[in-house]
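Here the structure comes first, spelled out in structure tokens, and everything after it is commentary.
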2 protein chains.
Amino acid sequence: MDTADRLIESTRELLWERGYVGTSPKAILQRSGAGQGSMYHHFSGKADLALAAVRRSAEQMRTTADALLSAPGTALERITAYLRRDRDVLRGCPIGRLTMDPDIIASPELRAPLEELFSWLRQRLADVIAEGQSHGELGGHLDPLATAAAIAATLQGGYVLARAADSPEPFEHAVTGVLALLTPANRPATEGD
Amino acid sequence: MDTADRLIESTRELLWERGYVGTSPKAILQRSGAGQGSMYHHFSGKADLALAAVRRSAEQMRTTADALLSAPGTALERITAYLRRDRDVLRGCPIGRLTMDPDIIASPELRAPLEELFSWLRQRLADVIAEGQSHGELGGHLDPLATAAAIAATLQGGYVLARAADSPEPFEHAVTGVLALLTPANRPATEGD
DNA sequence: GTCTATATCGGGATAGAC
DNA sequence: GTCTATCCCGATATAGAC
């Protein structure tokens, strides 16, 4: 890994931990072991370096999600695998957390990777849902895009609840809850049903 | 409104807009119109002032949510009213956004109001859900606490998706999606059902 | 209670040597 | 390409006058 790469990786970690406003060039230099000169040689400044880091993180998230959502299995199995995949819940989502960063949201360039990633994710989930519907696994009355948004939001909001509680439990509950709602067995417990 | 109150209100606004790390005492002074001396007379420093602001915001959120969830109407109607209540989606949640602030999460005192608020909210939603179940409006097979967590997470995650998109649309979709999942009509479109 | 002055530190970047 | 020196500003707080 060359110097530019180490700078990007250190920036990714710090953006994840502390956000854009909370990340200083000095902290990046210390973590990466690079010198000030190197940083300003490879990147024009903090924003430029953050852009490279954000793009890489978004790309990686997309790859991970796509692998799980494109795996073999039923629609519900793949969505379950995506929601239940191993993660360090208390760290939150490296992209989602940037959404609360005023300087990221204020910059069209820095916000773009966020918008593209979540836009792609909602569409990808909607496709899986529509697929499940065409196979009769999921209720045909559900709007795929709205359902997809609810699933993606459950994940992102699960991180919020977990961090507030300093425990992964609310995240697990939220995932369990939304999966139960998705399961076709979700119908009134009518006699003789 | 006296000086201390104006300081707290200005801090609330800034915490909402920029988070804890992104909020400086100087900005608070400018917005409130108070002087440096006043601030350090009434509060011991930035953290102390933030604590007062966070407590007040959490209290207010709780009051608002409780009013909607305790109103007359069926369980589903009250949950719908809560999810669809008027809000400036792109501003996000004043408490939820603090969850991404490392300095807030690192401080037990500052995190406590967040934990209490969301813990209360999940329980309150769970109570409403259980009530709906006992009246037969909601599927009895749902775990109230898990379902409540999913609903709360949908809201918080809806803000995340909306801010990434710079549009309230994903938030509205997520809310619509989770409400559709909650609606008992959510069952396989079986013939003769 | 509120004001102004002062102090220290870190953020963010530039300059020019090597 | 990388290093060190330097710069300016804002963050956060203290001191003491009024």
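A note on names: the letters A, B, ... follow the listed sequences, proteins ahead of strands, and every chain is numbered from 1.
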* Asked: Heavy atoms under 4.0 Å, any strand shown: does B/S44 hit a base, just sugar-phosphate, or nothing?
  ->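 Touches nothing.
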Rounded to whole angstroms, how far apart are [atom1] on [X] and [atom2] on [N]?
X     : N      : atom1 : atom2 : value
A/M39 : D/dT2  : CE    : P     : 13 Å
A/F43 : D/dG1  : CZ    : P     : 13 Å
B/H41 : C/dT4  : NE2   : C1'   : 17 Å
B/L29 : D/dA13 : CG    : P     : 11 Å
B/K46 : D/dT12 : NZ    : P     : 4 Å
B/Y20 : D/dA11 : OH    : P     : 14 Å
B/D5  : C/dG1  : CG    : C1'   : 16 Å
B/L7  : C/dT2  : CG    : P     : 9 Å

* To do: Mind listing the closest non-hydrogen atom pair of A/R87 and A/Y82 along with its distance?
  => NH2-O, 2.7 Å
* **Minimum heavy-atom distance A/I95-A/S57, with the two atoms named** => CD1-CB, 3.8 Å
* To do: Please tell me which of the listed nucleotides, D/dT14, C/dC3, C/dG12, lies nearest to the side chain of B/Q36?
  => D/dT14
* Are B/K46 and B/D103 within salt-bridge range, i.e. N to O under 4.0 Å? ->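 So B/K46 does not pair with B/D103 through a salt bridge.
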* Which comes earlier along DNA chain C counting from the 5' end, the contact point of B/S38 or that of A/V21, where each point is its nearest nucleotide? -> B/S38
* Give a yes/no on whether any side-chain N or O of B/T3 is located under 4.0 angstrom from OP1 or OP2 of C/dT2. => yes
* Residue-phosphate contact under 4.0 Å: A/H42 side-chain N/O, D/dT2 OP1/OP2 -> yes
* Asked: Looking just at side-chain N and O atoms, do B/R124 and B/S70 make a donor-acceptor pair shorter than 3.5 Å?
  -> yes
